[in-house]
Amino acid sequence: MTYAIAEAAHRSGLSIDTLRYYERIQLIDPPARDSGGRRAYSDEDLAWLEFLTRLRTTGMPIRMMREYARLRHQGTASATRRKQILIEQRAEVLDRIVELNSCLDVLNYKIANYEQCERDLDEKTSNLEEASA
């Protein structure tokens, strides 16, 4: 099955401009063209776009994504290097998870503190109301 650029953008969650940009910087291969000369993205193209989106979400720099995309064309001969790129990115993701968990701990502490402040305030208000009655 093939998809026009608008449908490919919709299905991938990327903008049309991003698809064209990815093509221009060689993250994606130029898609096939239909009889009218319009881009025709395949399911394989969409799967690659989904993978690229995941890499971007991990914070992988575009230059590393480009290297990975270039190596992909070399087939199994580049498997070791591609694996190494992913191992390095995984380490960065794990470091980021640790950092985010630390931030989450701070947020949870602060939220619990504010909840306690609210309870204390409610209790004081309730005691004042009882004393004035």
Side-chain angles (χ1 to χ4, degrees):
M1 178 150 215
T2 61
Y3 309 92
I5 194 167
E7 180 65 17
H10 175 73
R11 287 176 177 266
S12 68
L14 300 169
S15 69
I16 291 171
D17 288 337
T18 299
L19 291 178
R20 289 182 177 137
Y21 172 69
Y22 280 8
E23 184 180 341
R24 190 170 56 254
I25 66 169
Q26 299 175 338
L27 269 180
I28 61 174
D29 297 331
R33 299 285 178 151
D34 65 15
S35 60
R38 294 174 297 265
R39 290 170 174 86
Y41 292 87
S42 67
D43 288 325
E44 184 178 306
D45 293 329
L46 293 180
W48 175 242
L49 287 168
E50 181 180 351
F51 181 67
L52 289 175
T53 299
R54 298 285 174 131
L55 292 180
R56 246 351 245 149
T57 300
T58 69
M60 181 180 279
I62 293 284
R63 68 176 173 73
M64 292 306 300
M65 292 171 63
R66 288 183 66 202
E67 179 181 353
Y68 191 95
R70 182 182 51 77
L71 291 167
R72 173 177 170 244
H73 292 291
Q74 296 175 11
T76 56
S78 67
T80 300
R81 176 61 185 139
R82 285 185 285 156
K83 177 183 162 193
Q84 186 59 39
I85 290 170
L86 296 177
I87 288 170
E88 291 167 6
Q89 191 61 30
R90 178 178 61 189
E92 290 186 31
V93 168
L94 291 170
D95 288 346
R96 183 74 174 131
I97 288 170
V98 168
E99 180 182 7
L100 287 171
N101 278 325
S102 176
C103 293
L104 185 59
D105 289 344
V106 170
L107 291 172
N108 287 335
Y109 170 80
K110 295 297 274 182
I111 290 167
N113 185 54
Y114 287 124
E115 288 171 344
Q116 184 61 50
C117 288
E118 289 172 337
R119 284 191 296 274
D120 292 348
L121 184 60
D122 288 345
E123 185 178 310
K124 285 180 185 178
T125 303
S126 177
N127 288 340
L128 284 175
E129 288 173 356
E130 287 175 13
S132 66

* Once you round to the nearest 0.5 Å, how far does CE of M65 lie from CG of L55? -> 5.5 Å

* Qualifying side-chain hydrogen bond (donor to acceptor under 3.5 Å, both in side chains) pairs with a residue from residues 96-111, counting only residues at least two apart or across chains -> R96-E99

* Among pairs that include at least one residue of residues 60-70, which meet side-chain hydrogen bond (donor to acceptor under 3.5 Å, both in side chains), considering only residues two or more places apart or in two chains? -> E67-R81

* Tell me the salt bridge (charged side-chain N to carboxylate O under 4.0 Å, His left out) pairs involving residues 114-123, sequence neighbours left out? -> none

* **Cluster link I62 to W48, ILVMFWY, side chain under 4.5 Å** => yes

* Asked: Just wondering, more than 12 heavy atoms not from Q116 lying within 6.0 Å of its CD?
  -> yes

* To do: Write out all pairs satisfying salt bridge (charged side-chain N to carboxylate O under 4.0 Å, His left out) with one or both partners inside residues 45-57, taking only residues at least two apart or from two chains.
  => E50-R54

* Asked: Would M60 and I85 satisfy side-chain contact (heavy atoms from CB on, under 4.5 Å), going step by step from the backbone distance to the final call?
  -> CA-CA 10 Å; M60 181 180 279; I85 290 170; 3.6 Å; yes

* Structure fact -> Residues at least two apart in sequence or cross-chain that pass salt bridge (charged side-chain N to carboxylate O under 4.0 Å, His left out) with D29, listed by chain then number, are none

* **For S15, side-chain hydrogen bond (donor to acceptor under 3.5 Å, both in side chains) partners two or more places apart** => T18

* Structure fact -> In short, A40 meets P31 closest at the heavy-atom pair O-CB, 3.8 Å

* Structure fact -> Across all chains, not counting sequence neighbours, the side-chain hydrogen bond (donor to acceptor under 3.5 Å, both in side chains) partners of R33 are none

* Chi angles and distances behind the side-chain contact (heavy atoms from CB on, under 4.5 Å) call for I28, L52 -> CA-CA 9 Å; I28 61 174; L52 289 175; 3.7 Å; yes

* Under the ring pair (Phe, Tyr, Trp, His ring centres under 6.0 Å) rule, what pairs show up with a residue in residues 26-47, not counting sequence neighbours? -> none

* To the nearest 0.5 angstrom, please state how far the CG atom of L71 sits from the OG1 atom of T80. => 10.5 Å

* Evaluate whether atom OH of Y21 has more than 12 neighbouring non-hydrogen atoms of other residues, nucleotides or ligands under 6.0 angstrom away. => no

* Asked: Can you tell me how far CG of L100 sits from CG of D95, rounded to the nearest 0.5 angstrom?
  -> 11.0 Å

Side-chain donor/acceptor pairs under 3.5 Å, residues 3-10, sequence neighbours excluded:
{"from": "Y3", "atom 1": "OH", "to": "D43", "atom 2": "OD1", "distance (Å)": "2.6"}
{"from": "E7", "atom 1": "OE2", "to": "R11", "atom 2": "NE", "distance (Å)": "2.7"}

* Contacts of R90 that satisfy side-chain contact (heavy atoms from CB on, under 4.5 Å) - sequence neighbours left out -> I87, L94

* Results of salt bridge (charged side-chain N to carboxylate O under 4.0 Å, His left out) for E92 - residues two or more places apart only -> none

* Asked: Sequence neighbours excluded, which residues qualify as side-chain hydrogen bond (donor to acceptor under 3.5 Å, both in side chains) partners of S78?
  -> R82

* **Side-chain heavy-atom pair D17, R20 within 4.5 angstrom cut-off** => yes

